[in-house]
Amino acid sequence: MIEVSGGCHCGAVRFSARMPDPPVPALACNCSICSMTGFLHVMVPHDDFELLTGREALASYRFGTGAAEHLFCSNCGVKSFYQPRSHPNAWSVNGNCLDAPPELSVEQFDGRNWEQSRARLDEMEAGG
Ligand SMILES: [Zn+2]
């Protein structure tokens, strides 16, 4: 495991997280919100993530099923991590918001066809 830190653009939101040794698995998603925000997903179990500062700066946005909670800094607008629908026990940390990004192994996630893509992830995780 490696220890990383990161946060939003203005510095109000700061976090630390543990990730697997590089290359760290990451998902690039093409859904409506991820393509707009350029979010690069690194899934971090809730226990391996600590929000250091900025809880009060975080604003929340939900759409569609409402299962995902999109969190963004109310000051600078950057979404540095959020609660994804695909991984209820993990935060999705934005690989583009890390101070010193480790090498990432980026897979494409077809979020426009969410149900099929989530089922495919289950098959991959069960297989490996
Ligand atoms: Zn900010």
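In each ligand, atom 1 is the first atom listed, and ligand 1 is the first ligand listed.
The Zn ion (ligand 1) is the vertex of the angle joining SG of Cys10 and SG of Cys8, which measures 100° to the nearest 10°. Note: angle at the Zn ion (ligand 1), from SG of Cys73 to SG of Cys76, is 110° (rounded to 10 degrees).
Of the charged side-chain nitrogens involved, at least one lies within less than 4.0 Å of a carboxylate oxygen, so that Asp99 and Arg14 count as a salt-bridged pair. Comment: Arg85 engages Glu115 in a salt bridge, judged by a side-chain N to carboxylate O separation of less than 4.0 angstrom.
Checking each of His70, Glu69, His46 against Gln83 for a side-chain hydrogen bond (donor to acceptor under 3.5 Å, both in side chains) leaves exactly one that passes, namely His46.
Ring geometry for His41 against Tyr82 counts as perpendicular: the plane angle is over 60°, on a 0 to 90° scale with 30° as the lower cut.
Checking His9 against the Zn ion (ligand 1), every N/O/S atom stays at or beyond the 2.8 Å cut-off.
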